[in-house]
Amino acid sequence: MAARPVLDALAGDPALVLGVATGESPRPIYRALAQAHAAGTDFSRMRCFALDEYVGLPADHPASYHAVIRRELVEPLGLDTAEVHVPDGMADDLLAVCATYEAAIRAAGGIAVQLLGIGADGHIGFNEPTSSLASRTRIKTLTARTRRDNAQFFGDSAVPTQCVTQGLGTILEARHLVLVAFGERKAEGVAAAVEGPVSARCPASVIQLHPHVTVILDEAAAAELELSEYYRSTYATKPSWQQL
Ligand code: GLP
């Protein structure tokens with residue numbers, strides 16, 4: 001079900017521009033896309049832009065987002081590597097990397113569908129709390145909490161302190177946002193994002209400013225939502241003409 005927005009968009013445009021997130025949350029979507037690929041769906045013209053990358057982590061480090069995207073998307077879906085973009089966190093001139101990344105997204109015609117996970121503190125991409133809601137692709141410093149959360153992927157090596165991330169303003173320009181969250185660890189951030197005030201304190205709350213957002217949750221991640229009965233009945237009675 002969660003892969004539906006991507007597969008529907010791809011059916012309408014084989015050269016779909018997909019914004020891809022890393023982390024556990026989008027993995028079921030990537031697995032479903034891989035199954036579709038095995039069943040004959042052609043992804044060879046799809047174009048991808050990653051949300052973010054660590055600064056100073058070589059692309060062949062298994063925890064780098066270059067490596068994650070290669071493992072979870074490029075190889076299983078048979079993507080064209082020339083059309084898969086991840087910010088270069090190893091470049092000497094990171095400001096130029098940020099500007100070039102923004103220009104590449106624009107040149108591709110913008111992102112049609114943007115997949116998003118959410119950090120326990122409400123970050124999307126690596127836009128940590130207090131990120132400007134108008135921010136563009138830029139260098140950010142990770143919070144101690146995010147570095148702790150992501151330490152599991154680094155074994156003995158240290159989690160980098162900085163990253164390059166699409167900004168919240170950049171993310172808002174994608175035409176459809178699909179935010180995915182599972183597990184009770186996400187419940188507080190999800191509730192703040194969906195029902196809280198729009199505030200840089202919870203960067204994911206910026207989704208409230210977007211006209212087309214799909215939020216996909218399990219029961220645990222939805223547990224702190226106050227209006228969950230309303231969302232359930234809305235979904236159950238969704239008119240057939242109204243797609244995701
Ligand atoms: C990292 C990524 C985010 C991701 C978040 C949550 O910080 N930069 O894009 O959403 O982790 O990851 P997970 O889905 O594994 O909980």
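Everything numeric here is computed off the predicted structure, so don't read it as measured data. Indexing begins at 1, ligand by ligand and atom by atom, following the structure's order.
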S.K.: Using side-chain heavy atoms (C-beta onward) and a distance below 4.5 Å, is Ile105 in contact with Gln166?
M.R.: yes
S.K.: So which heavy atom on Ile118 is nearest to which on Ala181, and how close?
M.R.: CG2-CB, 3.7 Å
S.K.: Just need the protein heavy atom nearest to atom 4 (C) of ligand 1, so name the residue and atom and give the distance.
M.R.: Thr22 O, 3.8 Å
S.K.: As an exercise, identify every atom of ligand 1 less than 4.0 angstrom from a heavy atom of Gly117.
M.R.: 10 (O)
S.K.: Considering non-hydrogen atoms of the protein only, which is the closest contact for atom 8 (N) of ligand 1, and what is the distance?
M.R.: Asp52 OD2, 2.8 Å
S.K.: Just going by heavy-atom distances, which of Ser25, Cys163, Gly189 is nearest to atom 14 (O) of ligand 1?
M.R.: Ser25
S.K.: Report yes if some N/O of Phe153 lies less than 3.5 Å from some N/O of ligand 1; otherwise report no.
M.R.: no
S.K.: Using a cut-off of 6.0 Å, state whether more than 12 heavy atoms not belonging to Gln162 lie near its atom CD.
M.R.: yes
S.K.: Any atoms of ligand 1 less than 4.0 Å from a non-hydrogen atom of Phe126? List them with their elements.
M.R.: 1 (C), 7 (O), 8 (N)
S.K.: Whether the Asp88 and Tyr101 side chains hold a donor-acceptor pair (N or O, under 3.5 Å, no angle test) is what I'd like checked.
M.R.: no
S.K.: If you measure every N or O of Thr146 against every N or O of ligand 1, does any of those distances drop under 3.5 Å?
M.R.: no
S.K.: To check your reading of the model: name the closest protein heavy atom to atom 9 (O) of ligand 1, its residue, and the distance in Å.
M.R.: Gly125 O, 3.6 Å
S.K.: Taking atom CZ as the centre, does Arg71 end up with more than 12 heavy-atom neighbours from other residues, nucleotides or ligands that are less than 6.0 angstrom away?
M.R.: yes
S.K.: Of the protein's non-hydrogen atoms, which lies at the shortest distance from atom 7 (O) of ligand 1, and what is that distance?
M.R.: His123 NE2, 2.7 Å
S.K.: For atom 12 (O) of ligand 1, find the nearest protein heavy atom and state the residue, atom name and distance (0.1 Å precision).
M.R.: Gly23 CA, 4.0 Å
S.K.: Which residue owns the protein heavy atom closest to atom 2 (C) of ligand 1, what's the atom, and how far is it?
M.R.: Tyr65 OH, 3.5 Å
S.K.: Nearest heavy atom to atom 16 (O) of ligand 1 wins, so pick from Glu24, Lys186, Gln166.
M.R.: Lys186
S.K.: Only counting residues at least two apart or in another chain, list the ones meeting ring-ring contact (aromatic ring centres under 6.0 Å, His included) with Tyr231.
M.R.: none
S.K.: Could you see which bit of Arg185 sits under 4.0 Å from ligand 1, with heavy atoms only: side chain, backbone, both or neither?
M.R.: side chain
S.K.: Can you list the residues that meet the salt bridge (Lys or Arg N to Asp or Glu O under 4.0 Å) rule with Arg70, with sequence neighbours excluded?
M.R.: none
S.K.: Determine whether the side chains of Asn150 and Arg145 contain a donor N or O and an acceptor N or O closer than 3.5 Å.
M.R.: no
S.K.: Does Asn150 approach ligand 1 within less than 4.0 angstrom via side chain, backbone, both or neither, non-hydrogen atoms only?
M.R.: side chain
S.K.: Is atom CD of Glu184 surrounded by more than 12 heavy atoms (other residues, nucleotides or ligands) closer than 6.0 Å?
M.R.: no
S.K.: Given that the side chain starts at C-beta and the backbone is N, CA, C, O, which of these parts of Ile118 lies under 4.0 Å from ligand 1, counting heavy atoms, or is it both or neither?
M.R.: backbone
S.K.: Mind checking whether Val86 and Phe49 have side chains closer than 4.5 Å, heavy atoms only?
M.R.: no
